[in-house]
Amino acid sequence: MSTGRRWRSDTFLFVASAALLLGSTAALFAWLTFSPFPKPLPRFSPGCRPDGEGSWSVGLFYGRSPLSLEPIESWNVWSNDTAAWPVANPVVTCASASDAGFPSNFVADPFLFIQGDVLYLFFETKNPITLQGDIGVAISNDKGATWHHLGIALDEAWHLSYPYVFSYQDQIYMMPEGSKKGDLRLYRAVEFPLRWQLEKVILRKPLVDSFIINYRSHFWLFGSDFSAPGAKKNGELEIWHSSSPLGPWSPHEQNPVHNMDKSLGARNAGRPFTYDGELYRPGQDCGDTYGRRVRLFKVKVLTKDEYEEVEVPLGIDEPQKGRNAWNGARYHHLDVQQLTTDQWVAVMDGDRVPSGDAVRRLVIGYASFGAAIALVMLSGVLLSAIKCNLRLSRCLPLSTRRSGLTGAQEHHLQLYSKLRWLFSRLNKMTSHFRSGGIRPNSCVGRSVLSLLFLVVVTLTCVGTYYVYGGNGAEEAYSLKGHYSQFTLVTMTYDARLWNLKTYVKHYSRCSSVREILVVWNRGQSPNVSEFDSTVPVRIRVEKRNSLNNRFNVDPSIQTLAVLELDDDIIMPCDDVERGFKVWRDHPERIVGFYPRLAEGRPLKYRDEKYARRRRGYNMILTGAAFMDHRLAFGRYWGQEAKIGRKIVDEYFNCEDVLMNFLYANVSSPRKTVEYVKPSWAVDTSKFSGVAISRNTQAHYEVRSDCLAKFTEVYGDLAANKWRFGSRKDGWDV
């Protein structure tokens, strides 16, 4: 074989091997770190795609005053139709709009319009096909808990947002932002809420995020013109005044009234409101990222030649769950209005990722892939598998004679000269490597190649994570447009405090967790201040050490769903959220992550591996299971369970087995249990040395004894067996 052909063969083998290595590394990393259960997209439309502007959604708040607002889940609004006990934010999302037949990448800039008991919501919706903002509208007949999308209220040839809706002289007007058109337009409803016509262009200025308010018998228009000379983006604010919202408008004497740092709230952030005779203006803090948060200002002076405002507390708690919260990264718009004499309602948009996050992830990811490929090529050069002996006469054939060259040819000649210099340098460098500058078989050579290998693997993993790993959020799952919350319950004692602290820190960040209830069975209980938690932690100290305490009736639990989860189990929040979604589909069942099978004569307690071999299960361990606490705990402490509770105390075991018998006894032959496969789970008791069941065989024998005794009292649990993989969601494989 000729030298050139052998060189090409070596190069091909090296490149193919490197490609196989990079692909295998990326696949292994994805298999180890990514959930095998991807988040489902909207069913019937191309909506909810990653968008550089964000993943905005809309939440609802109530309060006794506009200066003290709480999210809807704090008001215990329940919906039986969607198993939302309680309903939780967000209440309007890209998925709810897309599933209604109006594709959307995100919804933002919400404005309310109230007619009696009916609430209308106008908002910006990002069309995933045109990549343009349109104005959508939804309606609610239950004070904002449930929204039905009506359609697109306004669609122009340019981007629209910030649909400020108000009434004047029995007419309903909308003043959306359309700064791309270069002016500020006012539309009037012809057939409210879906048909609008242009009333007039009220200002020939590209104002953004503008509103009109009637204050002290005069109309005031607030907006920002970032195209004005010297204007600071997101830091400029102008005021105009008129005797009518239709104009003509005159500028304020101090315009711009603000031209300052973008973090100080100059740009409007929703509808102004009056409370106790005072005027308040919400403004955007765009310091760390666009729309980082809403700041609230009380207007002290507003005249034609003076303006003064001071910042006051917003009255809404800052989100604590990071990207797992629907508004964890930013919230930039607020509209608060009075419902009754003692209740206010507000809508606010929020995003779990900062501005430009999707683009940033792609840039980092592909840059990492590029760097990995470059280092692979460098490794090939060091190993002499890739030779860069470039023949310049073939690569750059342009003659160097300058006579008769055109301007374009002259430019190309200069470029080729620079490339010749670069290729010459590269040829010298590769010749240096081949002549023994760095020998692959030497200690230094092996060290350099090992380091390059580690860096290439790391860069490949980084690239895979940023390009294919999503935004890093473990989001909740909605059911028919509603989100909800549950209470996490764990039973423990003093020797397992390390496990408990790890447990609380991890699970308190899960999106749907409302509260963590610790059932303290033995020893000195800790102070709640010892825990790093984003949700309230409540410790219920029991009078005696009994496994029956796990299911004690507790009226203080504020949600219908509880997740009974042992303190030594750590699994991803996404797995927990999937389990909660399945429970909401089947709230009358025990829904959990560890299936078991009771089978044989007499009944034997079998593990998951055995259940899979037998292709079915009939029990779910309640050490990791969702249930309706009113239903489950009520059954457990009913008269029919008295004998079973005594058996649990006798063996100090089997409380979860008893719960399965009680469900099966009441619901037979209907299905009473549902399995959800976790992506992964870690038993932290192995690290702390406080595992309760160290002898597995003895533990299973005790449980088999429990099965025999429970069967005598409650009937045969083995009469039913449920197949793996029987649900359409694919989460029970």
Side-chain angles (χ1 to χ4, degrees), residues 37 73 78-80 82-88 324 474-480 482-491 503 506-508 510-519 535 550-554 557-567 569-596 608 617-636 655-664 666-667 670-679 681 722 724 726-727 729 731-732:
F37 308 104
E73 53 264 28
W78 287 27
S79 171
N80 292 328
T82 58
W85 304 296
V87 175
N324 288 351
E474 296 179 283
E475 305 176 31
Y477 292 77
S478 69
L479 178 62
K480 300 178 183 178
H482 274 159
Y483 292 85
S484 189
Q485 292 184 324
F486 63 87
T487 299
L488 191 62
V489 181
T490 190
M491 187 168 63
Y503 175 101
H506 173 69
Y507 288 114
S508 71
C510 296
S511 179
S512 299
V513 173
R514 168 76 168 270
E515 179 189 39
I516 297 178
L517 171 60
V518 179
V519 179
V535 301
R550 179 192 293 273
F551 304 122
N552 277 345
V553 175
D554 190 337
I557 296 176
Q558 298 178 338
T559 64
L560 191 62
V562 296
L563 171 58
E564 290 276 0
L565 185 63
D566 289 346
D567 63 347
I569 297 175
I570 297 295
M571 65 177 68
C573 285
D574 181 65
D575 289 347
V576 173
E577 298 293 349
R578 289 189 298 108
F580 186 39
K581 168 62 169 59
V582 174
W583 179 84
R584 292 181 64 197
D585 286 329
H586 308 284
E588 75 286 355
R589 300 175 186 174
I590 299 174
V591 176
F593 303 93
Y594 293 96
R596 295 292 185 264
E608 182 177 344
Y617 61 97
N618 51 23
M619 287 194 298
I620 290 291
L621 296 188
T622 59
F626 284 93
M627 60 192 75
D628 175 342
H629 77 94
R630 295 182 182 179
L631 176 66
F633 297 178
R635 287 178 180 173
Y636 197 87
E655 79 285 358
D656 50 355
V657 179
L658 174 57
M659 183 64 82
N660 277 269
F661 267 94
L662 295 175
Y663 265 73
V666 172
S667 303
R670 291 183 300 165
K671 190 174 184 181
T672 59
V673 290
E674 289 287 349
Y675 167 60
V676 178
K677 184 178 181 179
S679 303
W722 314 108
F724 292 99
S726 60
R727 286 199 315 272
D729 56 31
W731 294 346
D732 62 340

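Note that these values count all heavy atoms, side chains included, but never hydrogens, waters or copies made by symmetry.
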For this session: Could you tell me whether R550 and D566 have a side-chain N and a carboxylate O separated by less than 4.0 Å?
Result: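 The answer is yes: the pair qualifies as a salt bridge.
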For the [atom1] atom of [X] and the [atom2] atom of [Y], what is their distance to the nearest 0.5 Å?
{"X": "R635", "Y": "F661", "atom1": "CZ", "atom2": "CZ", "value": "14.5 Å"}
{"X": "Q558", "Y": "E73", "atom1": "CD", "atom2": "CD", "value": "11.5 Å"}
{"X": "R584", "Y": "Y483", "atom1": "CZ", "atom2": "OH", "value": "9.5 Å"}
{"X": "Y503", "Y": "S508", "atom1": "OH", "atom2": "OG", "value": "11.0 Å"}
{"X": "L565", "Y": "I516", "atom1": "CG", "atom2": "CD1", "value": "10.0 Å"}
{"X": "T490", "Y": "E564", "atom1": "OG1", "atom2": "CD", "value": "8.0 Å"}

With [X], which residues qualify under salt bridge (charged side-chain N to carboxylate O under 4.0 Å, His left out), at least two apart?
{"X": "R589", "value": "E674"}
{"X": "R578", "value": "D574, D575"}
{"X": "E475", "value": "R352"}
{"X": "D554", "value": "R538, R540"}

Minimum heavy-atom separation for [X] to [Y], with atom names?
{"X": "G579", "Y": "V676", "answer": "CA-CG2, 4.1 Å"}
{"X": "M659", "Y": "Y636", "answer": "CE-CD1, 3.8 Å"}
{"X": "W85", "Y": "N80", "answer": "NE1-OD1, 2.7 Å"}
{"X": "R630", "Y": "L560", "answer": "CD-CD1, 3.7 Å"}
{"X": "I620", "Y": "G592", "answer": "CG2-CA, 3.4 Å"}
{"X": "E577", "Y": "S512", "answer": "OE1-OG, 2.7 Å"}

For this session: Under the ring pair (Phe, Tyr, Trp, His ring centres under 6.0 Å) rule, collect the residues that match up with F626, sequence neighbours excluded.
Result: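 Applying ring pair (Phe, Tyr, Trp, His ring centres under 6.0 Å) to F626 gives F486, F580.
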Exercise. Would you find a donor on one side and an acceptor on the other, under 3.5 Å apart, between the side chain of N660 and the backbone of M619?
Worked result: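 Checking the backbone N and O of M619 against the side chain of N660, no donor-acceptor pair under 3.5 Å is found.
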Problem set entry | Within-4.5 Å side-chain heavy-atom neighbours: L631 and Y663 |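 Answer yes - side chains close enough.
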Problem set entry | Pairwise side-chain contact, H629 with T487, heavy-atom cut-off 4.5 Å (strictly under) |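 In short, these two side chains do not touch, never coming nearer than 4.5 Å.
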Exercise. Taking Y675 as the fixed residue, which of F593, F724, W583 is the one that meets the ring-ring contact (aromatic ring centres under 6.0 Å, His included) rule?
Worked result: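 By the ring-ring contact (aromatic ring centres under 6.0 Å, His included) criterion, Y675 pairs with just one of F593, F724, W583: F724.
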Exercise. By side chain to side chain donor-acceptor pair (under 3.5 Å), which residues pair with S478, not counting sequence neighbours?
Worked result: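 Residues passing side chain to side chain donor-acceptor pair (under 3.5 Å) with S478: none at all.
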